[in-house]
Amino acid sequence: MTILNGCSFDVARAAITTVIGPNGAGKSTTFKAIFGLLPLRAGCVMLDGQDVTGLTPLQLIARGLCYIPQGRNIFPELSVRENIELGGVALGRAAAMRARVDEALDRFPVLRQKAHAQASTLSGGQQKLLEISRGLIGRPRLMLIDEPSIGLSPLLVQEVFATLQDLREDGMSVLMVEQNARSALEMSDRAIVLEGGRTRLVGTARDILADPRVARLFLGAEIELDDTR
Amino acid sequence: MLWDNIDLLIAGLATGATYALVATGFTLLWQTSATVNFAQGDFVTLPAFAIIGLHAAGLPLPLALLGGLVIALIVLGAMFKLLLVDPMLSHGLLPLGIAAIALGVALQEGTKAVFGAEAFPFPSVAGGFDLGPLFVNWQDVLVLGAALIAVAALQMFLARTRTGRCMQATAQNPTVALILGIPVKRMVMLTFLLNASLVTLAAVLISPAILVKFDNGGSIGLSAFCAAIIGGFNQVRGAIAGGLLLGVLENFAATYGPDQYRAAVPMLLLIGFVLFRPQGLLGRATERAV
């Protein structure tokens, strides 16, 4: 079955790009296709001018990509620290990795506190931070993050978004899918509207947020009723 | 009286430690590839026959042991995974479980066809030493020591080495393991090879006590299965605890109760756990979306 057809966009460097669209638009599928988890029948994925279509996750990690899927993606019975260490498993060099794990723990004091606790004892928001810090071990240039806010309280969503903004300041690019479209767009630089497996609109987040069609479709604006009768 | 009980405890721990080995392999297969290996008991029989076969054919014992391990790695490790588990796994857990039962029957009937229905002795260590009023067999010491060392080494490997952690990660969340670039397929194959090694060691340790017979697998498999469930089913540490507990209880029950009920102990324990502590000794309840 073809899910994506006519899906084409660029991701800006050191910026947050958010993909929005109705259910079944192909947002998650796009991410899986980029990360080599689904076969592409046509088309390609370019990273810094190089064709990375069809590479394995391992090869993509080595080229600076990282993917954080929807939902809970931790190893519940390993400790927080061990979970983070596994983010560097593809890269080898255990000694260099140890320093990076400490760096990641320093970035998130909550995780430092619980470094030796089983990951399953973390709250939902802490688990998301764990996934992000695990992704950072590979020093990614582009992070694909799918629905980071799902299942989190508004306060925690703000914390996760703030973290992504910090990472953007550090020069990392973020490509994010978010149902929570309004608050996601407010912190994003660019936006892509996906519908039926096609890119419908591409632009700055500000423009997309202001677009009445987008507002009507995805942002929960009131449908204008025709009551001239 | 006390010394009698200590004697029973040592013998029980020795039996239990071999159950723990088999149950650990069982749990590992379940974790990494959702395989409930109902042929696990018969997996213990095959290397035992391979070793006595090679030994009888003239190979010195160390080489026969090594040969038994190699045969187990090939047949019970690689071939089991590639020819049975991989093709059946996509059809669901139940068909795979039934295929494993069929494999168990095939192993039993196969060894019976080659070696017959008689029980063969298996080489063991002779002698022993006095411990107070007790006479302790070197064989019991060997069994308990080797099994405990193997289980401890396995735990160290899983917890401390990179490959071990990757295996745990694969068991706990294969999708995420793949996304992190962990070679999931290699880790799963490694689990099957590890299981083959564990059952070979169990075969060497338990065979002197029970002799080598084509239908040994039934009771060993049942005990290991119960030990795994008692321990929590999804926990290697649980399988070890379950195995030791079961071995000790079996020995005490056989001494203080009617001997013919010895085989009922695992079942009674199993029923008790399923009724009152279904998550097992060390296991945790897992959530399931409905």
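Letters A, B, ... are given to chains in the order of the sequence lines, protein chains preceding strands, and every chain is numbered from 1. Every heavy atom of this structure was used, including side-chain atoms; hydrogens, water molecules and symmetry mates were not.
- Shown here is R13(A), whose CZ atom has no more than 12 heavy atoms of other residues, nucleotides or ligands within 6.0 Å.
- For the pair I179(B) and Y67(A), the tightest heavy-atom approach, listed with the atom from each and the gap, is CG2-O, 3.4 Å.
- Taking a 6.0 Å sphere around CG of L275(B), one finds it holds more than 12 heavy atoms contributed by other residues, nucleotides or ligands.
- Side-chain N or O atoms of R165(B) include none that pairs as donor or acceptor with a backbone N or O of L86(A) at under 3.5 Å.
- Crowding of R186(B) atom CZ: a count of heavy atoms from other residues, nucleotides or ligands under 6.0 Å not exceeding 12.
- In the displayed structure, D10(A) atom CG is contacted under 6.0 Å by at most 12 heavy atoms of other residues, nucleotides or ligands.
- Side chains of E77(A) and N173(B) form no contact here, defined as non-hydrogen atoms less than 4.5 Å apart.
- For E169(A), the CD atom counts as densely surrounded, since its 6.0 Å shell holds more than 12 non-hydrogen atoms of other residues, nucleotides or ligands.
- In this structure, CE on M97(A) lies 8.0 Å from CZ on R162(B), to the nearest 0.5 angstrom.
- Contacts between E131(A) and chain B at a heavy-atom distance below 4.5 Å are absent for every atom of the residue.
- Contacts between A171(B) and chain A at a heavy-atom distance below 4.5 Å are absent for every atom of the residue.
- Pairing each heavy atom of L180(B) with each of V89(A), the nearest pair is O-CG1, 4.2 Å.
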Check your understanding: What do the steps show when you test L178(B) against L37(A) for side-chain contact (heavy atoms from CB on, under 4.5 Å), and what is the final call?
Key -> CA-CA 9 Å; L178(B) 189 69; L37(A) 300 173; 4.0 Å; yes

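- For R72(A), the part lying under 4.5 angstrom from a heavy atom of chain B is the backbone only.
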